[in-house]
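Just so you know, ligand 1 is whichever comes first in the structure, and atom 1 is the first atom listed for that ligand. Below, each value reflects all heavy atoms present in this structure, side chains not excepted, and no hydrogens, waters or symmetry copies.
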Amino acid sequence: MLLVVSVPIPFHLPSISSADTEAVVSAMESGWLTSGPNVRKFESRFAKTVGVEHAVAVNSCTAALHVALAACGVGPGDDVIVPTMTFAATAEVVVHLGAAPILVDVDPDTLSIDPNLAAEAITDRTRAIIPVHYGGHPADLSQILDIATSAEMFVIEDAAHAFPASYQGSPIGGIGDVTCFSFYATKTITTGEGGMITTSDAGLASTMRSLSLHGLSDDAWSRHSPGAAWDYAIVRAGYKYNLTDMAAALGLSQLDRAIEFRDQRAAIADQYDDQFAGVPEIRPLVVRDRAGHAWHLYVIRLATDGLTIDRNQFIQVLNAEGIGTSVHYRPLHLHPYYSERIDQSKRYPHATRAFAEIISLPIFPGMTETMVDRVASTVVDIAVNHRR
Ligand SMILES: *Cc1c(COP(=O)(O)O)cnc(C)c1O
């Protein structure tokens, strides 16, 4: 008797090659473990890749966002506009600086911030807006930049999902005032933990670099390299957010394959699109013409009105079939910390509705066509078997 056992398909698996491992080992063997030559090289190659003047490596995207807001002068009494459909990091750093995150609803097609609602949320306290390129699909930057220019506020992009991505042909990383990337374990390229800040503003770059290492003067940073002088000047109260050289070595090696990874994810997205076409209960998010998508996430919305099971039950059935999924995200206004603090008259109908319908499916470079087919056919079967 032939026993067919389906191997579980995880939600995500990082793609670590032997070149990655060798790069990290050689960084370890070099005798220089903290920020040094590999970090400098990672910064300059990353800057070149996204076509921007300055890049500052940090140990997470959360740190990047924190340092970016601080460099833009965000502090007590200020408001910062953030989409409610995001990860904790986007808003918590605003709170840490004594400012108030102002949650705004999202465009139901893309789940990125709705620029019209963002415009309505502006007051004379508004200092910055943090659009999130949800799933790797760029937010509506031209409208956001227009709003920001007329309101004289900073645009700090949360591009944790958006490397490599582009908007109207320009790479994400050189468009807003500051862009923040993540190299967390599950992101499009990884250093285990890590992040990058990019900007074309030399002054902001210098302040952010200083803030990321104890507020040392920008030139003192060079002492953090082999053979440098012992003295340094502290010019502000900074943070301890620098990236290690071992992590940067992994980043450099991953950077070599970023386009290859993206193309593989795009092919997976195409296959999902094909297999879901004509299944009305399964609705992939909309991709706009101007969007160069990074495909960090492949998100479907369930037409729950047409189904006898809800989103959570749908995920349970997928789990039972050995398919890993996730939900991005429970919107911030539906978390106790924020729900207790926001203006209760504000409602977020699009994010609330989306939260009840979304499922993120596996999309990572190591997925074979057979694996994608199994995920897609299982999703379709579940929908068909639970039609109302
Ligand atoms: C992952 C993520 C972050 C935080 O990135 P870290 O590198 O883990 O700090 C911020 N924003 C969004 C939207 C994310 O998905």
* To do: Test the R353-Y348 pair against the cation-pi criterion, namely NZ or CZ under 6.0 angstrom from the six-membered ring centroid and within 45° of the ring axis.
  => no
* Asked: Listed by chain and number, what are the ring-ring contact (aromatic ring centres under 6.0 Å, His included) partners of H350, not counting sequence neighbours?
  -> none
* Structure fact -> So the ring-ring contact (aromatic ring centres under 6.0 Å, His included) pairs with at least one residue in residues 126-157 (sequence neighbours excluded) are H137-H293
* Structure fact -> Counting only non-hydrogen atoms and a 4.0 Å cut-off, the residues near ligand 1 are S60, C61, T62, T86, F87, A89, T90, V132, D158, A160, H161, S182, Y184, K187, G194, Y329
* Cationic tip of R40 above F42 ring, under 6.0 Å, 45° of axis -> no
* Structure fact -> For Y239, the ring-ring contact (aromatic ring centres under 6.0 Å, His included) test, sequence neighbours excluded, returns H66, Y241
* To do: Check whether any side-chain N or O of R311 sits under 3.5 Å from a backbone N or O of I358 as a donor-acceptor pair, and report yes or no.
  => yes
